[in-house]
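By convention in this document, chain letters (A, B, ...) are assigned in the order of the sequence lines, proteins followed by strands, and residues within each chain are numbered from 1.
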Amino acid sequence: MSRSLRIATWNINSVRLRLPLLRELDAVLRPDVLCLQETKCPDEHFPHEGISELGFEHVSARGMKGYNGVAILSRIPFVTRDEDPNWCMKGDCRHIGVTLDAPGGPIDLHDFYVPAGGDIPDRALNVKFGHKLDFIAEATAWFASHGEARRSVLVGDLNVAPLEHDVWSHKQLLKIVSHTPIEVEALMKWQQAGNWVDALRHFVPENEKLYTWWSYRALDWEAADRGRRLDHIWVSPDLRGNLVRHQILKPARGWERTSDHVPVLVELSL
DNA sequence: ATGGTAGACACTCTA
């Protein structure tokens, strides 16, 4: 007998503005757990009522005014781990860790919103790029010091498209923040630090294009199809055999007043 | 090489 656990992640780009879209997402994906990034919402204004109406009884939010912000919405109980690091000592609401009361035993879940890093891929000229690299390095060191992850899932907007076919043109994006070699190397070191399994690439071969984000700035995002895979789901190696399916909700990019990211989901059989 | 769009918030920051 096995039970399923459906974990989704979405950079929602304002949880208050897009609360109605969560109903659409829920109808299509039916996640047990939904991790959000860029909620742009201080905790005291978090729309708890609308979210509990969707059936998510368990909510942990870490937000601030104007920027950033993460939240985990869940149909299954969890405890928030408050002892996790305050990355880069900035208190800027880019991570929540919870331990899920999952079938078959607890699962540690991490929801990350990695700094985007600005436009210039040079830490000497752009402090945001330096912050991004420092953030990833700090996360790498933290997971390395904890050894190989076990019964763990790490999701979020990691703001790096690591593989050649995670972007519409590898060659044209080599100097564009999100796909530069220094960021790709840093992200891969992080992945290796916990021996994480890239769950989306577990399902989709590396020679196939795979995107989760399309810029707002295209006249016709769908026709141009200049996407990038910025959103990720990683699972610890002991859960590799429990992966049963994934979904990239590309139609969400066509919703009215939507985010520039689309929801991504992985189902585990536990 | 440039600029295009979007959200929060109240000036211009962030993406």
Side-chain angles (χ1 to χ4, degrees), chain A residues 9-22 24-25 35-47 50-51 61-71 87-88 90-95 111-123 125-136 155-162 166-169 171-180 182-184 186-187 211-232 249-264:
Chain A
T9 178
W10 191 26
N11 179 320
I12 193 170
N13 187 15
S14 174
V15 68
R16 285 174 286 183
L17 189 68
R18 299 195 217 289
L19 190 59
L21 297 185
L22 282 180
E24 303 298 313
L25 182 158
C35 299
L36 301 176
Q37 304 87 35
E38 280 206 271
T39 53
K40 296 185 175 177
C41 180
D43 292 343
E44 62 270 27
H45 296 139
F46 197 82
I51 280 166
R62 188 164 290 160
M64 59 192 284
K65 186 171 164 180
Y67 318 93
N68 307 340
V70 287
W87 309 94
C88 295
K90 293 175 84 79
D92 58 355
C93 304
R94 295 182 178 275
H95 173 258
D111 178 9
F112 274 99
Y113 175 50
V114 171
D119 289 332
I120 303 167
D122 181 342
R123 68 157 67 233
L125 301 173
N126 171 14
V127 294
K128 291 187 214 164
F129 193 72
H131 177 213
K132 180 177 196 174
L133 297 178
D134 292 345
F135 187 101
I136 294 173
V155 310
D157 176 4
L158 305 186
N159 265 318
V160 180
D166 290 340
V167 294
W168 61 276
S169 168
K171 195 175 169 189
Q172 286 179 257
L173 285 164
L174 276 169
K175 293 181 178 172
I176 303 298
V177 172
S178 74
H179 194 62
T180 63
I182 188 171
E183 292 167 87
V184 168
L187 192 79
Y211 312 139
T212 65
W213 173 90
W214 291 261
S215 173
Y216 281 127
R217 297 177 188 175
L219 290 170
D220 183 339
W221 70 275
E222 197 165 21
D225 199 24
R226 294 185 168 189
R228 305 179 202 170
R229 184 170 71 113
L230 302 180
D231 303 277
H232 297 264
L249 195 59
K250 186 173 176 181
R253 187 61 182 80
W255 290 346
E256 286 292 314
R257 306 254 303 162
T258 196
S259 170
D260 45 356
H261 296 251
V262 299
V264 174

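- Computed from coordinates, the A/R217 CZ to B/dG4 P distance equals 10 Å when rounded to whole Å.
- Atoms CZ (A/R257) and P (B/dA6) sit 9 Å apart, rounded to a whole Å.
- Regarding A/E38, its CD atom lies at a distance of 10 Å from the P atom of B/dA8, rounded to whole Å.
- Taking the ring centre of A/W213 as origin, the terminal cationic atom of A/R229 falls outside the region bounded by 6.0 Å and 45° from the ring axis.
- B/dC13 sits 25 Å from B/dA1 when the P atoms are compared, rounded to a whole Å.
- Checking A/D260, A/N68, A/V15, A/N11 one by one against A/E38, the side chain to side chain contact (heavy atoms under 4.5 Å, CB included) holds for a single residue, A/N11.
- For the P atom pair drawn from B/dA6 and B/dC11, the interatomic distance equals 24 Å after rounding to whole Å.
- One interatomic measurement links the two molecules: CZ of A/F129 to P of B/dA15, which rounds to 13 Å at whole-angstrom precision.
- In this structure, the nucleotide among B/dA15, B/dC9, B/dC13 sitting nearest to the side chain of A/K65 is B/dC9.
- At a cut-off of 3.5 Å, with distance as the only test, no side-chain donor of A/Y211 or A/D231 sits close to an acceptor on the other residue.
- A close approach under 4.0 Å does not occur between any side-chain nitrogen or oxygen of A/R16 and OP1 or OP2 of B/dG7.
- Distance check on atom P: B/dT2 versus B/dG7 gives 27 Å, rounded to whole Å.
- As a whole-Å value, the separation of A/N68 CG from B/dT14 C1' is 8 Å.
- Both A/G118 and A/R18 sit near DNA chain B, but only A/R18 has its closest nucleotide nearer the 5' end.
- Between A/Q37 atom CD and B/dA15 atom P there is a gap of 14 Å when expressed in whole angstrom units.
- Counting only distance, with no hydrogens or angles, the side chain of A/W214 and the backbone of A/R226 share no donor-acceptor pair below 3.5 Å.
- Nucleotides B/dC9 and B/dT14, compared at atom P, are 14 Å apart to the nearest Å.
- Between A/L219 atom CG and B/dA6 atom P there is a gap of 10 Å when expressed in whole angstrom units.
- In this structure, of B/dC13, B/dA15, B/dA8, it is B/dA8 that holds the atom nearest to the side chain of A/S14.
- Rounded to a whole Å, the CG atom of A/D157 is 10 Å from the P atom of B/dA15.
- Distances shorter than 4.0 Å separate some side-chain N or O of A/K128 from OP1 or OP2 on B/dT14.
- Annotation: of the two residues near DNA chain B, A/H261 and A/T39, the 5′-most nearest-nucleotide partner is A/T39.
- In the model, A/E183 has no side-chain atom that pairs as donor or acceptor with a side-chain atom of A/S178 under 3.5 Å.
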